[in-house]
Amino acid sequence: MSAEQKQSTGNGAPNTIAIDGKEIPFEAGQTIMDAAFAAGVYIPHLCHRPGLTPHGSCKLCTVNIDGRSMSSCTMPAVAGQQIENNTESLNAVRKTITQMLFIEGNHICPSCEKTGNCTLQAVAYHLGMLDGHFPQFFPRREVDASHPAVILDRDRCILCELCVRASREVDGKNVFAIAGRGIKAHLIVNSASGKLVDSDLEAGDMAAHICPVGAILIKERGYEVPIGRRTFDLHRVGEIGLEQVVLAKVNRCDE
Ligand code: SF4
Ligand code: SF4
């Protein structure tokens, strides 16, 4: 722990929180997710990426903080918090949320280019999900293949808004948005025609690379990395430092 981290919060308490009984240091301004990430403690999540504004929508990162359920990606770390994360009951809820995400879209992993690199799939494995449990929706959603370099398959979109935030906050554009509410919520493209080809999305944009599932894919890159040698074929989703590997790929937008 650095000298800075050892500083008290001003009321004499050290800048640490406890996650599943493990003392973890934090710095002023960090969320519980930030502090956990820095300490190598995995809290399952789908809609969060360091560097983008926390969204708190997927709810997978919900933890119990002093007996109250809160999203760890939006909750500031406060000295002395006692946090439950990797518990049977929290993981059971996370598994149910993940199952609902699967049945709400059309996820046919063996025929999906994202398989092995997909965070939703990896989280499902992590949580021991063996089936969708609930009846399949089989929604009919529009695929947008109009862009020369990028394809949008809304069947696999989990509405995490990572592309929305990346476009706005990193690319300086406003290519994507969510329209509708509840079961009618869907990803839209901000262009006159509503098609990607008429938007200012470029293949090098972070928004074109950040999708945690196979909803936004770069064209003509199919199976460049063979199945069996992809990120989550080689690493567990909660492995320490793995998120940095994934982020490095996202940030390497010219690859
Ligand atoms: Fe499977 Fe992920 Fe593709 Fe969905 S996006 S079909 S979960 S690999
Ligand atoms: Fe998230 Fe991908 Fe859907 Fe965008 S397209 S909201 S990144 S799942």
Side-chain angles (χ1 to χ4, degrees), residues 17-20 22 24 26 29-65 68-78 81 83-102 104-105 107 114 116-129 156-166 169-170 176 178 185 187 206-207 209-216 231-232 235-251:
I17 54 177
I19 300 184
D20 295 330
K22 181 181 174 187
I24 287 174
F26 70 92
Q30 282 190 319
T31 62
I32 291 170
M33 176 72 83
D34 293 333
F37 179 63
V41 172
Y42 176 60
I43 301 177
H45 58 277
L46 286 169
C47 75
H48 181 69
R49 288 291 179 278
L52 296 180
T53 303
H55 200 237
S57 61
C58 78
K59 299 299 173 202
L60 278 192
C61 78
T62 298
V63 293
N64 287 334
I65 306 165
R68 295 179 63 198
S69 296
M70 312 283 281
S71 297
S72 59
C73 71
T74 53
M75 187 67 188
V78 177
Q81 283 167 328
I83 298 158
E84 290 179 340
N85 167 45
N86 189 21
T87 69
E88 209 172 303
S89 57
L90 282 169
N91 286 333
V93 174
R94 289 167 178 155
K95 186 163 100 174
T96 300
I97 293 170
T98 307
Q99 286 170 317
M100 291 165 85
L101 288 171
F102 265 85
E104 187 266 349
H107 294 277
K114 195 76 174 189
N117 285 328
C118 172
T119 315
L120 177 65
Q121 185 188 53
V123 164
Y125 279 126
H126 173 78
L127 296 170
M129 185 186 127
R156 303 175 187 138
C157 176
I158 57 171
L159 303 174
C160 68
E161 295 200 31
L162 280 170
C163 60
V164 177
R165 284 172 279 157
E169 298 174 14
V170 179
F176 298 104
I178 302 291
L187 188 72
M206 181 183 274
H209 295 260
I210 200 166
C211 185
V213 294
I216 298 177
T231 303
F232 297 118
H235 305 274
R236 287 177 295 110
V237 68
E239 233 169 75
I240 295 168
L242 172 59
E243 189 129 21
Q244 296 294 10
V245 177
V246 177
L247 277 172
K249 284 185 184 170
V250 167
N251 291 334

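We count residues from 1, following the sequence as given.
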Where do C61 and H48 land on the side chain to side chain contact (heavy atoms under 4.5 Å, CB included) test, with the steps shown first?
CA-CA 9 Å; C61 78; H48 181 69; over 6 Å; no
Pair H55-R165, side chain to side chain contact (heavy atoms under 4.5 Å, CB included): steps then yes or no:
CA-CA 9 Å; H55 200 237; R165 284 172 279 157; 3.4 Å; yes
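For F102, the ring pair (Phe, Tyr, Trp, His ring centres under 6.0 Å) partners at least two apart in sequence or on another chain are H107. Remark: Y42 pairs with H126 by the ring pair (Phe, Tyr, Trp, His ring centres under 6.0 Å) rule, at least two apart or across chains. With sequence neighbours left out, T74 forms a side chain to side chain donor-acceptor pair (under 3.5 Å) with no residue at all. For E104, the side chain to side chain donor-acceptor pair (under 3.5 Å) partners are R141, not counting sequence neighbours. Annotation: side chain to side chain contact (heavy atoms under 4.5 Å, CB included) contacts of P76 (sequence neighbours excluded): none. Scored by the side chain to side chain contact (heavy atoms under 4.5 Å, CB included) test, A185 finds L159, I178 as partners (sequence neighbours excluded).
When side chains are defined from C-beta on, T98 does not count as touching K95, because their heavy atoms never get closer than 4.5 Å. At a threshold of 4.5 Å between non-hydrogen side-chain atoms, the residues L162 and P212 count as touching. In this structure, N91 and N86 have side chains that are in contact, with non-hydrogen atoms separated by less than 4.5 Å. In this structure, the side chains of I43 and I32 come closer than 4.5 Å at one or more pairs of heavy atoms. Two residues are said to be in side-chain contact when any heavy atoms from C-beta on lie closer than 4.5 Å; P54 and H45 fail this criterion. Using a 4.5 Å cut-off on side-chain heavy atoms (C-beta onward), L46 and I97 make no contact. Residues L187 and C163 are in side-chain contact: their nearest non-hydrogen atoms beyond the backbone lie under 4.5 Å apart. Using a 4.5 Å heavy-atom threshold, the side chains of M70 and T62 count as separate.
Summarising the geometry of T31 relative to S72, their closest heavy-atom pair is CB-O, 3.7 Å, with the distance given to 0.1 Å. Scanning all heavy atoms of the two residues, the minimum distance from I210 to R49 falls at CD1-CG, 4.2 Å. The shortest heavy-atom contact between N85 and P44 is OD1-CD, 4.0 Å. What you find for C160 and S57 is that their closest heavy atoms are O-OG, 4.2 Å.
Here the side chain of Q121 pairs a donor or acceptor atom with the backbone of G116 at under 3.5 angstrom. The backbone N or O of V213 lies less than 3.5 Å from no partner atom in the side chain of R156, so there is not a single donor-acceptor pair.
Here the CD1 atom belonging to I65 is positioned 11.0 Å from the CD atom belonging to E84, to the nearest 0.5 angstrom. Rounded to the nearest 0.5 Å, atoms CD1 (I158) and CG (L101) are 5.5 Å apart. Interatomic distance, CD1 of I24 versus CG of D34, reported as 12.0 Å (0.5 Å rounding). Of the inter-residue distances, the one linking L90 atom CG with I83 atom CD1 reads 11.5 Å to the nearest 0.5 angstrom.
No option in L242, V237, T119 other than L242 meets the side chain to side chain contact (heavy atoms under 4.5 Å, CB included) test with T231.
Enclosure of atom CE in M100 is not indicated, since only 12 or fewer non-hydrogen atoms of other residues, nucleotides or ligands lie within 6.0 angstrom.
Of the N and O atoms on the side chains of T53 and E169, at least one donor lies less than 3.5 Å from an acceptor on the other residue.
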